[in-house]
Amino acid sequence: MILNQEQIMLRETVGQFFEDQSPVSRLRALQQRPVEESYDREFWSEMVGLGLTGITVPEVFEGLQFGWMGLGAVSQEAGRRLVASPLLSSVALAQNVLLNCASKRQIESYLPRLLSGEITASVALDEGRFFDPGAVLVTEQNGQISGSKARVLDASMSSLIFCVARREAGGLGVAVVATDDECVSMTPARFMDLRGCAAITFEGVPADRTEWLEGVDVASGLEQAIDQATIILAAEMMGSARETLERTVSYLNEREQFDVKLATFQALQHRCARLYCELELAESTVAAALMALDDAASSVSAQASAAKTLANDVFSLVTSEAVQLHGGMGVTEEMDIGLFLKRSRVCNQLLGSSSYHRDRYARLLGF
Amino acid sequence: MTEDALSVFRAEVAEWLDRHCPASQRQPIVREEQIWGGRRRVFPSDEARSWFEACRDKGYTAPDWPVAYGGAGLDAEQEKILKQEMSRLGCRPPLYCQGLWMLGPALLVYGSEDQKREHLGAICRGEIRWAQGYSEPSAGSDLANLKTKAEDCGDHFLVNGTKIWTTKADEADWIFCLVRTRDAAPKQAGISFLLIDMASEGVSTSPIPLISGDSEFCQTFFDNVRVPKRNLVGAINEGWAVAKELLNHERKMMAAFEGMLEKPAMALLELAHYAVGVSEDGRLADPELRSDIVSHLMRETGIRQMGERIYRQGKAGQMDARLPLLMKYLGTSQAQVKDELILAALGGEGLSMDDESVASEGVRKMVKQWAFNKSLTIAGGTSEVQLNIIAKRALGMASGERRS
């Protein structure tokens with residue numbers, strides 16, 4: 001990633017902050033908390049204090065305007081420490097759904113509250129196994145929203161849900177619904193990586209308690225926002241994958257068997273070298289996608305699909321290999337490697353698996 | 001250079017290329033029409049000759065070399081612009097030559113002033129074609145084990161031994177060689193870098209038949225060959241440093257090999273569409289092939305993006321020195337993946353390299369390419385050697401006792 005001076009400072013500050021304040025033990029501590037708590041609220045306030053809600057937001061909206069590369073760098077640092085926060089759900093996803101799908105008036109009404117940390121929002125996408133824009137079953141009928149959404153990230157910590165639903169007049173829309181609405185029922189759950197989500201059922205939320213986003217082209221705005229969040233998630237995954245490989249190489253450099261360091265065995269050297277090649281290949285694709293976002297390039301959608309596919313595949317591979325290369329320790333709770341492994345499989349399914357994105361990439365290229 | 005100056009430069013380059021590159025030289029290059037230069041050089045057509053001569057006179061056969069040695073003296077940004085404009089207009093590379101890609105860059109660093117003047121210009125002008133004499137029958141990945149001996153005979157060296165995998169040595173005029181000038185430990189400390197005129201008495205070459213049906217690689221023999229002392233590059237017994245400099249250029253060249261090869265008759269996607277057809281929903285009819293092609297395209301693009309990332313890092317002064325170590329391994333492996341996909345797409349139509357009744361000419365070429373490209377992960381340092389280097393230098397993995 002080529003960063004400018006401001007972005008380098010941002011990355012260093014945030015990286016140090018995560019290292020000092022959010023070791024992996026902070027994530028583990030969530031296990032002792034009620035299932036509704038998908039991250040540490042106080043720690044999130046500190047992140048907000050550093051301005052992390054406004055990295056990509058233009059200065060006219062009181063943001064930092066550090067660009068997508070800036071948010072990508074912060075997400076990578078978060079990935080290194082497995083930081084649980086609404087950086088993906090509220091900042092990368094909900095905020096951009098708002099910016100891409102809402103009217104100016106709506107942006108002015110919600111964005112300042114999101115930026116100040118007063119509220120967070122989450123986007124309800126998935127139904128069934130994954131999000132398929134062509135098969136959305138949550139619908140508007142007689143002005144009321146009904147249906148069920150699965151795996152809405154950090155939903156029980158959010159004030160607002162941006163629900164993707166089929167409009168009565170046809171086409172997709174995004175409805176803003178308060179999580180405390182009496183017609184919204186939520187079942188919170190914890191993924192195996194200790195992050196939180198909820199299944200949500202909308203039981204006829206009436207029109208006067210629903211606000212539809214009124215941007216010019218909601219469907220393509222939504223696709224754009226999902227592409228943006230997908231690339232940011234890929235950046236976070238690259239941070240986690242890199243950390244996993246580095247921890248594994250250090251382990252091999254320390255652990256001795258047959259009177260030599262494990263790292264001296266060529267079989268293991270080649271495995272690690274291959275992993276490193278895969279890692280930098282994926283990183284190059286993710287960095288190019290972040291750059292495409294900053295340049296508002298027309299190829300962003302295909303690049304988002306390529307970035308997510310390569311990030312999915314390398315993160316899965318590196319974590320599986322890391323467990324094996326740590327030997328028996330790799331399958332113990334004492335090591336963090338297992339958490340990286342589980343995180344990789346959760347990330348694989350968020351915002352599109354590899355097979356989904358390969359198919360999408362082919363369609364975008366016309367085959 | 002400022003952005004303004006660069007855009008002026010771009011406009012000038014585009015105008016020059018447009019004026020000097022005839023339409024026939026903007027067709028995708030085919031192997032038979034590549035210009036390799038040398039004493040026996042031939043041009044496939046008058047237009048090919050005039051395009052080559054225009055580039056030669058402008059210094060564009062070696063755009064980044066100093067003007068004094070026959071280049072155009074372009075800096076990295078200008079060279080990139082020239083390449084971009086050439087690729088935009090579809091201009092063929094004016095000259096293919098190992099001297100250009102490998103020996104020249106090493107001479108620029110290690111050559112004496114006399115050597116630079118004698119050899120660099122002849123390379124740029126396409127007058128001398130070079131071969132590389134590194135490997136030997138008993139010195140492959142363990143290159144330092146080489147045995148070809150250069151004996152000090154006062155005003156000249158007397159060279160005896162043999163070199164193998166000397167690409168196109170049967171068509172080359174000169175060969176740059178690693179030779180043993182003393183028995184030393186470690187073995188690297190007794191190696192020197194020597195330039196040898198292949199017209200000298202005692203040099204002979206024979207082509208090696210390959211699985212592709214061609215004989216790109218040769219074996220070259222040296223039998224009491226007298227080589228003047230002025231042809232020694234760098235200090236005596238210090239040829240290993242020159243060799244390593246040169247290998248870096250070879251690996252860079254091989255990582256980007258695809259771009260210099262003959263373009264296949266059809267791009268992979270086009271070929272797949274043509275060969276396996278499309279289903280009603282517009283998807284390629286063979287879903288497994290479709291998925292494999294997507295994976296390949298994503299990775300191929302990723303490798304290109306890594307090249308651009310390295311370039312931008314250099315420009316921004318944020319170079320990660322580990323990344324260039326990965327390019328040869330990734331680029332050559334991916335080129336082979338592509339060949340396998342071409343074969344998969346061809347199906348039963350791609351089962352012959354030479355039988356016209358089984359496969360058309362275009363198809364036969366693709367199949368030969370598949371077979372030839374198996375050498376990409378072997379030549380210039382095998383993939384296994386690359387992985388050793390990556391593990392040690394990029395990842396800092398501990399070295400063990402070498403069990404040799």
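Per chain, numbering begins at 1; letters A, B, ... match sequence-line order.
Atom CD of Gln5(A) has 12 or fewer heavy atoms from other residues, nucleotides or ligands within 6.0 Å. Counting heavy atoms of neighbouring residues, nucleotides and ligands inside a 6.0 Å radius, atom CE of Met9(A) does not exceed 12 of them. Within a 6.0 Å sphere centred on NZ of Lys374(B), other residues, nucleotides and ligands contribute more than 12 heavy atoms. In Glu340(B), the CD atom is crowded: over 12 heavy atoms of neighbouring residues, nucleotides or ligands sit closer than 6.0 Å. Around the CZ atom of Arg283(B), the shell of radius 6.0 Å holds more than 12 heavy atoms that belong to other residues, nucleotides or ligands. No more than 12 heavy atoms of other residues, nucleotides or ligands lie within 6.0 Å of CD in Glu349(B), so this atom counts as exposed by the packing criterion. The neighbour count for Lys261(A) NZ, taken as heavy atoms of other residues, nucleotides or ligands under 6.0 Å away, is above 12.
Heavy-atom distances place no part of Ile310(B) under 4.5 Å from chain A, backbone and side chain included. If you measure heavy-atom distances from Val249(A) to chain B, the contacts under 4.5 Å come from the side chain alone. Residue contact with chain A, scored on non-hydrogen atoms closer than 4.5 Å, is absent for Asp281(B). Both the backbone and the side chain of Phe367(A) come within less than 4.5 Å of a heavy atom of chain B. Both the backbone and the side chain of Gln313(B) come within less than 4.5 Å of a heavy atom of chain A. Contact of Arg299(B) with chain A is made through backbone and side chain together, with heavy-atom distances under 4.5 Å. Proximity to chain A is limited to the side chain of Ala316(B), based on heavy atoms less than 4.5 angstrom apart. Contact annotation for Leu284(B): both backbone and side-chain heavy atoms come within less than 4.5 Å of a heavy atom of chain A. Looking at Leu310(A), only its side chain comes within 4.5 Å of chain B, counting heavy atoms on both sides. With a 4.5 Å cut-off on non-hydrogen atoms, Glu308(B) does not touch chain A at all. At a 4.5 Å heavy-atom cutoff, the contact between Arg363(A) and chain B is made by backbone and side-chain atoms alike. The parts of Ser295(B) that come within reach of chain A are both its backbone and its side chain, each placing non-hydrogen atoms under 4.5 angstrom from that chain. Of the two parts of Leu330(B), only the side chain, counted from C-beta on, holds a non-hydrogen atom closer than 4.5 Å to a non-hydrogen atom of chain A.
Taken to the nearest 0.5 Å, the NE2 atom of His270(A) stands 10.0 Å off from the CE atom of Met397(B). Taking CG from Leu281(A) and CD from Glu300(B), the interatomic distance works out to 11.0 Å, rounded to the nearest 0.5 Å.
Counting heavy atoms from C-beta on, the side chains of Thr285(A) and Met298(B) never come closer than 4.5 Å. Between Gln305(B) and Gln303(A), the closest side-chain pair of non-hydrogen atoms falls below 4.5 Å. Proximity of Arg274(A) to Leu387(B): side-chain heavy atoms (C-beta onward) are separated by under 4.5 Å at one or more points.
With respect to chain B, the highest number of heavy-atom pairs below 4.5 Å among Glu278(A), Arg271(A), Glu246(A) belongs to Glu278(A). Of the listed residues (Val278(B), Leu323(B), Asp320(B), Leu326(B)), the one with the most heavy-atom contacts under 4.5 Å to chain A is Leu326(B). Ranked by heavy-atom pairs under 4.5 Å with chain A, the list Lys315(B), Arg322(B), His273(B) is led by Arg322(B). Counting heavy-atom pairs under 4.5 Å between each of Ala273(A), Ser250(A), Ala288(A), Ser354(A) and chain B puts Ala273(A) at the top. Heavy-atom pairs under 4.5 Å with chain B were tallied for Val286(A), Thr309(A), Leu262(A); the largest tally goes to Thr309(A). For the set Arg312(B), Arg290(B), Arg304(B), the entry with the most heavy-atom pairs within less than 4.5 Å of chain A is Arg290(B). Of the residues considered (Leu252(A), Asp359(A), Ile8(A)), Asp359(A) shows the highest number of contacts with chain B, using heavy-atom pairs under 4.5 Å. The candidate with the highest count of non-hydrogen atom pairs below 4.5 Å against chain B, out of Ser284(A), Ser305(A), Gly366(A), is Ser284(A).
When all heavy atoms of Ile390(B) and Cys277(A) are compared, the pair lying nearest together is CD1-SG, 3.7 Å. When all heavy atoms are compared, the tightest approach of Ala391(B) to Gln269(A) is CB-CB, 3.6 Å.
Remark: side-chain polar atoms of Arg309(B) are paired, donor with acceptor, to backbone N or O of Glu280(A) under 3.5 angstrom.
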